[in-house]
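Take a look at the structure set out below.
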There are 2 protein chains.
Amino acid sequence: MTGRLPHSLRSDALDNRERILDASRALFAAEGLDVSMREIARRAGVGPATLYRRFPTKQLLVTEVFTDEMHACHAIVEEGRADPDPWRGFCLVIERLCELHARNRGFTDAFMSAFPDAMDFAAGREHTLASIAELARRAKATGRLRPDFVLDDLILMLMANRGIHATSTATQITASRRFAALMIRAFQAP
Amino acid sequence: MTGRLPHSLRSDALDNRERILDASRALFAAEGLDVSMREIARRAGVGPATLYRRFPTKQLLVTEVFTDEMHACHAIVEEGRADPDPWRGFCLVIERLCELHARNRGFTDAFMSAFPDAMDFAAGREHTLASIAELARRAKATGRLRPDFVLDDLILMLMANRGIHATSTATQITASRRFAALMIRAFQAP
DNA sequence: ACGCTAACGGACGCCGCCGTCCGGTTGGCT
DNA sequence: AGCCAACCGGACGGCGGCGTCCGTTAGCGT
């Protein structure tokens, strides 16, 4: 999945790898993608060389870390699509997506291709967006979603959602929820 | 206004001061507040020492640079308040405010108190927000603005607007305009 | 138990920014 | 014209991040 096989790694190496990923997850979620490699290594209790040996590029580390979140994205969209009421499903997707991104600053950066050449991500992103587009088409058919809604509006929303910062995670999520509610109202047909 | 009197400055010093402010304006608008002092000095064609001599703190430079924008903010809100139709005025304020912030990344950072101790700014900000609140009250009375609108929603909007980035300024403004339109729909009473 | 090799991390050189100091320059007043 | 103080900017030491090298450690297979 990453090109680097975790097999054929010595036990201590594997252990360090895990610690690096844990540290990355925590730091990326809290601070975004622009944490220094050094800081990740420190947090993981590992020398810089070890970090670079396992993940020569920050890019590789990022894609590895956010594979789960990417799957979560898919899952959210699929759940929305499975809803018998497309508009309800659409709203659910928006709410959940905003919360996911609010919980994980780094994932938003990655999703918005802060790393322009994260091809793995771009592919997953496009697939997710296409699914949302399909859901939006059905939601429009019910007359609840504005006919002039375009996919760019959703991207705009995610970009905007990224701008919302707060001191605590709890406040952050509350604010993001409020924002999602506003956007849903904006997307609703008059 | 800044504590540093531009009077009693030698002509060359005054000239450099102007060049520093110009460079800062350009860089802050384009890149936000996190440009290095060095870069500002380079852009202004001035040594680092000169920059620090004139503005010992980045904070001082920022407040000086964005005084104009702060006034523009006031003006926008006052114009909105002057509109005989409060809802129309409210919408105008939102559109103009979004555009102003879209044109100037650094100002948004400053306005959102990226510098937590920019007291001058905080005061101006609070005054502006209070004016908007008054306008909102009247707009609610007309029944066009949602009764549950709160000032935090506007701050949320500005934070969100900051998240919208684009490669070119033109695209940026287009996106921001679209966003403003969405938010207005969100704020409109059902 | 032993040895081989993967894996470790401290240390290195490089770079850019920070805020400051100081010897040279220049504007402005007499 | 000549002086003096205000002003200039190159240069400095400190810090932190970058990616890499290499001497040492310790997992694992026999």
query = Which of the following nucleotides, D:dC7, C:dC8, D:dA11, is nearest to the side chain of B:Arg10?
reply = D:dC7
request  = Would you kindly give the CG-to-P distance between A:Leu14 and C:dA7, to the nearest whole Å?
outcome  = 10 Å
ask   = Within the structure shown, what part of the strands sits under 4.0 Å from A:Ser36 by heavy-atom distance: base, sugar-phosphate, or nothing?
value = sugar-phosphate
request  = Output the single nucleotide from D:dG19, C:dG19, C:dG9 whose closest atom is nearest the side chain of A:Tyr52.
outcome  = D:dG19
key: Side chain proximity check, B:Ile76 to B:Leu100, heavy atoms < 4.5 angstrom   = yes
request  = Return the minimal non-hydrogen interatomic distance between A:Met157 and A:Ile94, and the atom names on each side.
outcome  = SD-CG2, 3.7 Å
task = Kindly give the heavy-atom pair with the smallest separation between A:Phe55 and A:Leu60, and that separation in Å.
result = CD2-C, 4.2 Å
Contact under 4.0 Å: A:Thr50 side-chain N or O vs C:dA7 OP1/OP2 = no
task = Quick one: sort the B:Phe66 and B:Phe28 rings into parallel, tilted or perpendicular, breaks at 30° and 60°.
result = tilted
note = To the nearest angstrom, the CD-P distance between A:Glu39 and D:dG17 comes to 7 Å
note = Whole-Å distance, B:Asp12 CG to D:dA6 C1', equals 8 Å
task = Would you mind classifying the nucleic acid contact of B:Ala13 as base, sugar-phosphate or nothing, using non-hydrogen atoms under 4.0 angstrom?
result = sugar-phosphate
ask   = More 5' along DNA chain C: A:Val46 or B:Val35, using each one's nearest nucleotide?
value = A:Val46
task = Ignoring backbone atoms, establish whether A:Asn16 has a side-chain N or O less than 4.0 Å from OP1 or OP2 of C:dA7.
result = no
message = Can you tell me which nucleotide in C:dG27, D:dG27, D:dG17 comes closest to the side chain of A:Ser11?
response = D:dG27
note = Rounded to whole Å, the CZ-P distance (A:Arg54 to C:dG9) equals 11 Å
query = Where the side chain of B:Arg42 is defined as all heavy atoms beyond and including C-beta, which of C:dG19, C:dC17, D:dG19 is the nearest nucleotide?
reply = C:dC17
remark   = Between CG of A:Leu51 and C1' of D:dC21 the distance, given in whole Å, is 16 Å
query = Over how many whole Å does the gap from B:Asp15 atom CG to C:dT25 atom P extend?
reply = 20 Å
Euclidean distance, atom CZ of residue A:Arg53 to atom P of D:dG23 [Å, nearest integer] = 15 Å
query = What are the two closest heavy atoms between B:Gly163 and A:Arg162, and how far apart are they?
reply = O-NH2, 3.5 Å
request  = Among D:dG19, C:dG9, C:dC17, find the nucleotide with the atom closest to the side chain of B:Arg38.
outcome  = C:dC17
ask   = Between D:dG16 atom C1' and A:Ile40 atom CD1, what is the distance in whole Å?
value = 15 Å
query = Nearest to the side chain of B:Ala49, which nucleotide is it out of C:dC12, D:dG9, C:dG9?
reply = D:dG9
